[in-house]
*Asks:* 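If you scroll down you'll find the structure; I have some questions about it.
Numbers for residues simply follow the sequence, beginning at 1.
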Amino acid sequence: MYTLSGKLKITAIILMIVGAIGLIYGFLSAPSSIEDVKEIIASQEVHGEGHAAAEETTHHVDGVGVDKSQELAATGAENAHSDEDAHAEHMLHQLQNKPWAATYVAAFFFFMIALGALAFYTVQYASMAGWSPVLYRVMEGITAYLLPGSIIMFVLFVLSGLQFNHLFIWMDPEVVANDEIIQGKEAYLNVPFFLIRAAIYIAGWNIFRFLLRRNSLRHDEVDHNRYYRMNFKLSAGFLVFFMVSESMMSWDWIMSFDPHWFSTLFGWYLFASLFVAAITVIALVTMYLKSRGYLPTVNDSHIHDLAKFMFGMSIFWTYLWFSQFMLIWYSNIPEEVTYYVTRIEDFGLPYFGMVALNFIFPVLMLMNSDYKRINWFVVMTGIIILVGHYLDIYTMVMPATVGKSWFIGVSEISAVLFFGGLFILVVFNALTKAPLLAKRNPFIKESEQFHY
């Protein structure tokens with residue numbers, strides 16, 4: 001039986017406290033009025049730019065009559081003031097969104113790891129895999145975060161629907177009133193239906209997780225395989241529900257940040273991201289427990305197979321990223337290509353840096369079969385993969401919510417610390433609730449003797 005060490009528990013709590021303080025600071029330091037934003041803009045302006053603008057204005061009015069020039073100057077000043085107010089209001093919404101968006105990115109990132117772990121767990125059951133039963137309790141422990149993670153996500157949706165933020169612009173009645181494209185999607189993109197769909201996804205995922213976990217624990221105490229067969233059927237049913245609900249979730253929770261844009265590959269793209277991130281965390285937790293002496297039956301062949309999944313799913317993610325990017329960029333349809341124009345022009349470093357972290361590094365580091373058996377090498381690669389997929393979610397959310405006002409600062413780092421600490425606390429606490437070996441699984445002997 002695994003025992004949660006005091007050091008790990010204290011570390012998780014400290015991360016949460018530091019993260020919570022940073023998030024509170026991020027919300028409190030956000031500008032509260034247009035005047036605050038104008039002060040920020042004024043502090044960023046360079047004297048030379050203002051001088052050049054004045055010269056340009058003088059040049060344009062030079063050569064006309066005095067009365068006419070005064071009229072033009074007054075009209076120009078009025079228009080400039082109006083444009084300045086509109087720009088300041090737009091920037092106000094972006095800066096106010098920043099701590100909300102940082103919270104959303106981190107909350108979704110750790111939630112998707114738990115959901116991906118549940119999907120990977122059910123794939124093992126449905127395929128009757130013989131290599132992985134020694135890892136089942138690790139996967140079950142990671143899925144324990146699914147309930148608190150999904151509740152946090154739902155709370156964020158409710159707050160967005162109540163106009164506590166401007167993350168989802170289609171939730172703003174003023175925006176919808178002046179946007180014919182969003183008006184055409186109102187039958188689907190409206191707050192009540194959005195929350196109902198989210199509740200259905202969350203309830204379905206958590207009910208399946210509860211039943212699978214319960215049957216797994218019950219199976220340890222009986223001398224028959226009825227609970228195993230039940231989990232086999234539940235896993236097959238979950239995978240059907242998951243593929244439909246995950247696709248719709250990707251449209252609702254991520255793609256609708258850009259309500260004018262859509263991609264038929266987006267559900268698969270997000271699936272690849274959450275799947276590889278989940279497998280990576282399974283590998284990291286497994287190696288941590290093994291290093292503490294809690295998983296003696298796990299050997300280098302199990303780690304090798306997890307690393308193969310990390311490698312293979314990184315290639316699959318890259319294939320989907322390139323397919324989506326290449327087809328949209330090549331067709332050059334304005335309504336579609338704007339998604340990438342925004343990210344390339346305003347988020348070039350994190351966007352292409354994310355591609356390098358999610359493709360180049362895993363390929364170079366895990367291509368060699370021998371390296372997949374070296375634990376510290378897999379750990380190093382796993383950390384790079386997780387950073388890369390955090391940036392993947394970051395570049396999905398931030399361009400539409402924060403725009404050019406983005407930077408990775410206190411809010412982003414604090415959100416990762418808070419939700420990371422919560423994730424560690426929930427997962428490792430769940431691992432203490434049951435033996436780390438599913439001893440009655442029909443394939444447990446095959447898994448224990450898995451060598452190649």
Side-chain angles (χ1 to χ4, degrees), residues 1-16 19 106-125 132-154 202-221 227 231 234-235 238 242 274-275 277-298 302 306 382 386 417-441 444:
M1 182 79 74
Y2 170 69
T3 303
L4 180 62
S5 68
K7 185 181 294 186
L8 184 63
K9 185 176 182 179
I10 292 172
T11 300
I13 293 173
I14 291 175
L15 289 175
M16 291 178 63
F108 183 84
F109 176 71
F110 287 101
F111 157 78
M112 81 173 189
I113 290 174
L115 181 61
L118 182 59
F120 188 71
Y121 176 68
T122 54
V123 166
Q124 304 308 306
Y125 255 111
S132 57
V134 295
L135 306 175
Y136 277 8
R137 290 293 155 77
V138 175
M139 300 179 200
E140 291 172 11
I142 295 171
T143 63
Y145 185 77
L146 185 65
L147 180 59
S150 55
I151 291 174
I152 291 169
M153 292 301 300
F154 193 79
I202 290 170
W205 297 329
N206 282 283
I207 289 171
F208 272 110
R209 191 268 168 185
F210 170 79
L211 295 174
L212 288 162
R213 170 71 167 178
R214 185 187 66 178
N215 290 341
S216 175
L217 297 179
R218 286 179 174 179
H219 193 210
D220 282 354
E221 309 300 328
Y227 290 118
N231 269 5
L234 281 170
S235 296
F238 171 80
F242 171 76
L274 68 86
F275 209 55
I279 295 168
T280 300
V281 172
I282 292 170
L284 294 178
V285 174
T286 298
M287 287 183 285
Y288 171 79
L289 292 173
K290 181 174 173 59
S291 70
R292 306 283 294 181
Y294 287 105
L295 290 174
T297 56
V298 173
H302 296 106
L306 287 171
L386 291 179
L417 293 178
F418 176 81
F419 288 104
L422 179 63
F423 182 85
I424 292 171
L425 192 63
V426 171
V427 168
F428 283 92
N429 184 61
L431 291 171
T432 67
K433 304 301 182 183
L436 290 180
L437 190 65
K439 58 185 178 181
R440 280 279 299 120
N441 187 286
I444 195 66

*Asks:* Measuring from Tyr288:OH to Leu431:CG, what's the distance to the nearest 0.5 Å?
*Replies:*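 Those atoms lie 10.5 Å apart.
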*Asks:* Which label fits Tyr2 and Tyr294: parallel for a plane angle under 30°, tilted from 30 to 60°, or perpendicular past 60°?
*Replies:*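 The arrangement is perpendicular - the two ring planes meet at more than 60°.
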*Asks:* Arg440: which residues meet the salt bridge (charged side-chain N to carboxylate O under 4.0 Å, His left out) condition with it, sequence neighbours left out?
*Replies:*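 Salt bridge (charged side-chain N to carboxylate O under 4.0 Å, His left out) check on Arg440 returns nothing, list empty.
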*Asks:* Check whether any side-chain heavy atom of Thr3 lies under 4.5 Å from a side-chain heavy atom of Thr432, and answer yes or no.
*Replies:*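 Answer no - side chains too far apart.
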*Asks:* Atom CD1 of Ile279 and atom CG of Leu284: how far apart are they, to the nearest 0.5 Å?
*Replies:*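 Atom-to-atom, Ile279:CD1 and Leu284:CG are 12.0 Å apart.
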*Asks:* For Trp205 and Phe111, take the angle between the two ring planes, folded into 0 to 90°, and tell me which bin it lands in: parallel under 30, tilted 30 to 60, perpendicular over 60.
*Replies:*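 Trp205 vs Phe111 ring planes: tilted.
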*Asks:* Which heavy atom of Ala283 sits nearest a heavy atom of Leu306, and at what distance?
*Replies:*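 Here Ala283 and Leu306 meet closest at CA-CD1, 3.7 Å.
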*Asks:* Do the non-hydrogen side-chain atoms of Ile142 and Ile282 ever get within less than 4.5 Å of each other?
*Replies:*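 Yes. Closest side-chain heavy atoms under 4.5 Å.
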*Asks:* Between Asn206 (side chain only) and Ile202 (backbone N and O only), is there a donor and an acceptor less than 3.5 Å apart?
*Replies:*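 Confirmed, Asn206 side chain pairs with Ile202 backbone.
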*Asks:* Could you grab the distance from atom CD of Gln124 to atom CG of Leu135, nearest 0.5 Å is fine?
*Replies:*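 Reported value, rounded in 0.5 Å steps: 8.0 Å.
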*Asks:* Can you tell me if Arg292 has over 12 outside heavy atoms packed within less than 6.0 Å of its CZ?
*Replies:*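 No, because the 6.0 Å sphere around CZ of Arg292 holds 12 heavy atoms or fewer from other groups.
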*Asks:* Hey, mind stepping through Leu234 and Asn231 against side chain to side chain contact (heavy atoms under 4.5 Å, CB included) and telling me if it holds?
*Replies:* CA-CA 5 Å; Leu234 281 170; Asn231 269 5; 3.8 Å; yes
*Asks:* May I have all residue pairs that pass side-chain hydrogen bond (donor to acceptor under 3.5 Å, both in side chains) and include part of residues 135-146, sequence neighbours excluded?
*Replies:*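 Output for this query lists Tyr121-Glu140, Arg137-Glu140, Arg137-Ser216, Arg137-Asp220, Glu140-Arg213, Glu140-Ser216, Thr143-Arg209.
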*Asks:* For a quick test of reading the model, state the closest non-hydrogen atom pair linking Leu422 to Met16 and the distance between them.
*Replies:*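 Leu422 and Met16 have their closest heavy atoms at N-CG, 3.4 Å.
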*Asks:* When you measure from the side chain of Ser5 to the backbone N and O of Leu8, does any donor-acceptor pair fall under 3.5 Å?
*Replies:*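 Side chain of Ser5 to backbone of Leu8, a donor-acceptor pair under 3.5 Å: yes, one is there.
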*Asks:* With a 6.0 Å cut-off on the ring centroids, do Phe110 and Phe423 count as close?
*Replies:*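 That pair passes the under 6.0 Å test.
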*Asks:* Say you draw a straight line from CZ of Phe238 to CG of Leu118; how long is it, rounded to the nearest 0.5 Å?
*Replies:*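 The CZ atom of Phe238 sits 4.0 Å away from the CG atom of Leu118.
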